[in-house]
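Every chain is numbered from 1 and lettered A, B, ... according to where its sequence line falls, protein lines coming before strand lines.
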There are 2 protein chains.
Amino acid sequence: MKPMTFSEENYLKTIYHLMSLHPEGVSTNSIADKMETKASSVTDMLKKLSEKNLVSYKRYQGVLLTDSGLHEAKMIVRKHRLWEVFLVEHLDFKWDEVHDIAEQLEHIQSEKLIDRLADFLGNPTQDPHGDPIPDADGKIAKTEKQLLSELKVGEKAICVGVKDSSSEFLKYLDKQQISLGTTIEVLEKEDFDQSLHIRTKQGEVVVSQKIAGNLFVRKG
Amino acid sequence: MKPMTFSEENYLKTIYHLMSLHPEGVSTNSIADKMETKASSVTDMLKKLSEKNLVSYKRYQGVLLTDSGLHEAKMIVRKHRLWEVFLVEHLDFKWDEVHDIAEQLEHIQSEKLIDRLADFLGNPTQDPHGDPIPDADGKIAKTEKQLLSELKVGEKAICVGVKDSSSEFLKYLDKQQISLGTTIEVLEKEDFDQSLHIRTKQGEVVVSQKIAGNLFVRKG
DNA sequence: ATAAATTTTTAGATTTGTCTAAAAATAAAA
DNA sequence: TTTTATTTTTAGACAAATCTAAAAATTTAT
Ligand SMILES: [Mn+2]
Ligand SMILES: [Mn+2]
Ligand SMILES: [Mn+2]
Ligand SMILES: [Mn+2]
């Protein structure tokens, strides 16, 4: 695989993420929305990526990654998440500060670098937000997890990830002293707005349906 | 300072390096040579950098960095050299492998990242090739050093840097078991070709004038 | 000082990635 | 099944960075 431009890499990564929501095909507009660009620009790039056999594209039909496109996308995600681990574990960044820097670092081209970095970090399988890190072959360790909002009253679980990893949400969790590994018990669910009363090591708090719908937990 | 493109940054860095050889003004052609591009492209970029007050440029007159251009250039060099330290000290890269990767990493934009990285590395003042690392204010610790070729017969010195840091030269030094910190004693100088007989911890070797002219030492 | 050689700049073209506006295809509604 | 609305693609323009070829300025040599 010859070197790709930043732009090509960003498109592949975006298509990869959108494919997990729409495995049957990713629409031009959804790509444009996510990348904050115009549909016409997307069409141009899809032709280019198709030419390079990174996506399978037929006009008006939506797009899917080919095997080689999928592998490239995973390698970009791998780099992104490994760098996030590095920033948090070794440079004392907080989990809400690392994404934008990783957006840059994910484009650094060097197999040796990323393999050495992975070794240095102890070959982690999760990033600071609980997202899985593909290995050098693209294999991804699956972990069972569900949304906090899916728990029933009385159930206990451990926080293992976030669905929304925006800085705003992460800072909210910090304020509530909820982080990966935090044990959460569902005490009560309000029928009116689906808000949850939960108990953490820190005490009892109420979280909205929106919060509970963006926090991944594993029953323990 | 608003964000610069990679290209702008590379021009600034090149001008910075060339200014140490030609403090009176850097020629268009010398920039083109070093960057392996065309003089006409250089002229275009000089106009752009001049517009941004990063260089002082008058046509046909050569170019110099302004104060703000100098500072920007030093920050890029700082990033380059800090990343080289990271790669060698923490990811087990050899000193001949780090330059190309640092060429990419030097463009990552984040003050916080580079300050944290410097702290993580223990705020080093030298990179793996013995080159000085500017601090966050652009200050550079001067160290007295001279070329091995300038030593007289009988003098002893410590290897403290390389003038040429090409992979080829660095690998040659590895083969001769010469690295930063190696003590060198000049045993004899051939009048015919200026080659030197030197003694290192490893024994006695002969090095050409070209080698001796690319190795910095400090008399100890 | 004039001519020749070199350096530098301009003029115009190219590539990449983007945009707007309009046309074409598809999907939804009546 | 037409009509209407939405999505997607095309056509054409633009900015950034590059290139080639030619013109202009400077330097060197005669
Ligand atoms: Mn991220
Ligand atoms: Mn992440
Ligand atoms: Mn270097
Ligand atoms: Mn170096």
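- When the salt bridge (charged side-chain N to carboxylate O under 4.0 Å, His left out) test is applied to B/Asp67, no partner is found at least two apart in sequence or on another chain.
- For residues 25-38 of chain A, the set of pairs meeting the side-chain hydrogen bond (donor to acceptor under 3.5 Å, both in side chains) definition, not counting sequence neighbours, comprises A/Ser27-A/Ser30.
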Between the protein and nucleotides 10-15 of chain D, which nitrogen or oxygen pairs come in under 3.5 angstrom?
from	atom 1	to	atom 2	distance (Å)
D/dT10	OP2	A/Lys47	NZ	2.5

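- For B/Phe6 and A/Phe6, the distance between ring centers is under 6.0 angstrom.
- Comparing A/Thr37 and B/Lys58 by the nucleotide of DNA chain C whose heavy atom lies nearest to each, the residue mapping closer to the 5' end is B/Lys58.
- If you measure from atom NZ of B/Lys38 to atom P of C/dT7, you get 15 Å, rounded to the nearest angstrom.
- Counting to the nearest Å, the C1' atom of C/dT8 and the CD atom of B/Gln61 are 11 Å from each other.
- Between A/Lys48 and the phosphate of C/dT16, there is no side-chain N or O to OP1/OP2 separation shorter than 4.0 Å.
- A heavy atom closer than 4.0 Å to some atom of DNA chain D occurs in B/Thr5, B/Ser7, B/Tyr11, these being the qualifying members of residues 4-36 of chain B.
- By the side-chain hydrogen bond (donor to acceptor under 3.5 Å, both in side chains) test, A/Lys13 pairs with A/Glu103, A/Glu106, sequence neighbours left out.
- For B/His80, the ring pair (Phe, Tyr, Trp, His ring centres under 6.0 Å) criterion is met by B/His99, not counting sequence neighbours.
- The side chain of B/Tyr60 lies closest to C/dT9 when the candidates are C/dC19, C/dT9, C/dA25.
- In this structure, the side chain to side chain contact (heavy atoms under 4.5 Å, CB included) partners of B/Ser166, at least two apart in sequence or on a different chain, are B/Asp164, B/Glu168, B/Phe169.
- Annotation: side-chain hydrogen bond (donor to acceptor under 3.5 Å, both in side chains) contacts of B/Glu155 (sequence neighbours excluded): B/Lys219.
- A/Asp193 pairs by the side-chain hydrogen bond (donor to acceptor under 3.5 Å, both in side chains) definition with A/Ser195, not counting sequence neighbours.
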